[in-house]
Amino acid sequence: MSNASAAVEVHEFKAEMKPLLHLIVHSLYTHPEVFLRELISNASDALNKLRFRLLTDTNILQPEADLAIRITVNPETREFAIEDSGIGMTREETIANIGAVAKSGTLEAIKAMREANQQIDSNLIGQFGVGFYSVFMVADHVTLETRSANPDSAGCRWESNGEGSFSVSDIEMPERGTRISFILKEEFKQFASASEIESIIKKYSNFVEFPVYLDGERINAQQALWQKRSSDISNEEAAEFYGFITGNHREPLGWTHISAEGAVECKALIFIPGEAPPVDYDWREKSMHLYANKILIQENSKELLPEYLRFVRGVADTPDLPLNVSRETVQSSPVMTRLRSILTGKILGILEDWAKNDAEKFMKFSKIFGAHIKLGINTDYANKERIVNLMRFESSLRSPGDLVSLREYAGRMKDEQKDVYYLSGDSRATLKKNPNLEYFLEKNIEVLLLSDPVDVFTVPYLGEYDNKHFVSADKADLKIEETSKSAENTNAITSLLSKMREILGDAVENVAESKRLTQSAATLVAGSSGLDPQMEKMMKLMDKTFTGSKKVLELNPNHKLIRNLAVLAEENPNDPLIELCARQLYEAQALTEGNQIQTADFAARMTEIMTRATER
Ligand code: ADP
């Protein structure tokens, strides 16, 4: 909404800004100094963008101006100002960038985290692209003046008290870049003391690749951390740097420094985050940052990492890319292919090291990022074997969350066991109740419980492990020995089976006596002609209307219900109870498998059976 006056235009904040600002101010009040970090970070981004543009285009405003960040404070008046000679913003960009949230869904993501009781604190706020607004914690009124680096640009002033609206107006501004100024609230006057803020920003601004001046005095050392020798980089510095580049100021799970020489030279700092990306946040858009000779060429460079490893953060720097590269040439450069393979190898190496030497850390990693790793086997054929060894699964022989590797599974296999058994389903809890598991539990044979949605997309690709095939525990022709002797009344059972075949007809491939059930009355297993059960689940995920191939209904001859029905079938094959029970047994199993049934018919049959059961 804009005012009629041409000089000063008033805009309402986007609807979601209000609750967002409120959330930010209330989440961060214990760490008011966060605003400094965010403002410096924005200034540094703006300078990086300018420097990158300068590589190919000198037709910009003041191409000679030095690239720096200047902070000035006045303890008497509590005035604070920060300016950079970066890329600046046009009036349109200012309105679009400062007054709206860049990514849709940000508010939802933050709220979801709050509701999940995850603390939204100063450590995470920088990840959401809302850092600028943290100034409203320490100031009631903020002025931002900016002029774009385009040669024909004009200056623009943005002002707001961070409540409902902001105003923009044209101004005279001789220099390109951005200046943000405000008067600190009385209770935050410490940020107008030079010595006080120097200590806060010194450590942090050491990672800024441009000089930072405080009241005219240079305060940062400005050395690219990844250029140091590995042994000279402390854990603390690394963690600090991780916060600087990701906006996530929590400790990473691990990090490493790489200095590679050979066909392609590369120095890199690699970080594995300690938590999953925020809910709904698109981690695929993130990646490591690419530098060429200490100049930032591309943030979140997708070419640097294969998609399955994009949760990894950090920087990679190579002298082997030409400096005047465009983003397009970066994408097609053979140097990128080499870099990607170096980084991939190192990342897998860190994980292998944890798997071997730090089980606790690797377990933590697997719970957060295991699904990502599993996706790698579909795309990274060169590293398939390494990835397979990094995969972890829930197991029927272990408690929930105690994941096992295929190597452990194979090592524990019984002598007579030929295959690796698995069962897939929605959750571990439902899998544990699956009747098809009864046999294996009784015989103490391990079954991998695949409840991670990506498992369905990975196990079929594995084919075999260590010359052992993967076999679903719900396949009809499992070569298993009988659990216990069949019921005595074999004739009766035979009549029941044929009667039920007649009733169920086309709905099933067959009705057969089960060798695998020990407790349940019936189960459905994959038919001999059917698709691999795992494949079927994949099809169902992709196509909700896919019903799957016909199944075999197996009956447990030792279950009381089946024995009673067998007697009935022999004495009076036309007793309506047989048909009612046949359909009910089949549909109940189909339902548990996630197939659709006619629920009204099911309910009606249920009532009929209960009526008969209660007759005296
Ligand atoms: P983020 O920096 O994470 O995107 P912010 O709310 O801090 O989120 O900033 C929003 C946007 O405003 C930035 O993405 C950038 O386009 C623009 N911006 C902020 N500060 C500056 C600056 N000093 N110079 C140029 N553009 C800026």
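What you see is a predicted model; the values in this text were computed from it and never measured. Start at 1 and go down the list; that is how both ligands and their atoms are numbered.
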Does ligand 1 have an atom under 4.0 Å from some heavy atom of Met89?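 The answer is yes, since Met89 has a heavy atom less than 4.0 Å from ligand 1.
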Side chain or backbone, does [X] bring an N or O within less than 3.5 Å of an N or O on ligand 1?
| X | result |
| --- | --- |
| Asn97 | yes |
| Asp45 | no |
| Ile87 | no |

Should the proximity of Ile180 to ligand 1, defined as any heavy atom under 4.0 Å, be assigned to the side chain, the backbone, both, or neither? neither
Which part of Asp84 is near ligand 1, with near meaning a heavy atom under 4.0 Å away: side chain, backbone, both or neither?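 For Asp84, the contact with ligand 1 is made by the side chain alone.
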Name the residue from Arg147, Arg70, Arg179, Arg176 that meets the salt bridge (charged side-chain N to carboxylate O under 4.0 Å, His left out) definition with Glu83.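 Of the listed options, the one satisfying the test is Arg179.
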Is there a side-chain contact between Trp226 and Ile233, using heavy atoms and a 4.5 Å cut-off?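 Not in contact.
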Any side-chain to backbone donor/acceptor pair from Ser44 onto Ile40? Under 3.5 Å, distance only.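 The answer is no, because no donor-acceptor pair under 3.5 Å joins these two groups.
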Set of salt bridge (charged side-chain N to carboxylate O under 4.0 Å, His left out) partners for Glu145, sequence neighbours left out: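 Result, salt bridge (charged side-chain N to carboxylate O under 4.0 Å, His left out) vs Glu145: Arg157.
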Who are the salt bridge (charged side-chain N to carboxylate O under 4.0 Å, His left out) partners of Lys228, not counting sequence neighbours? Glu237
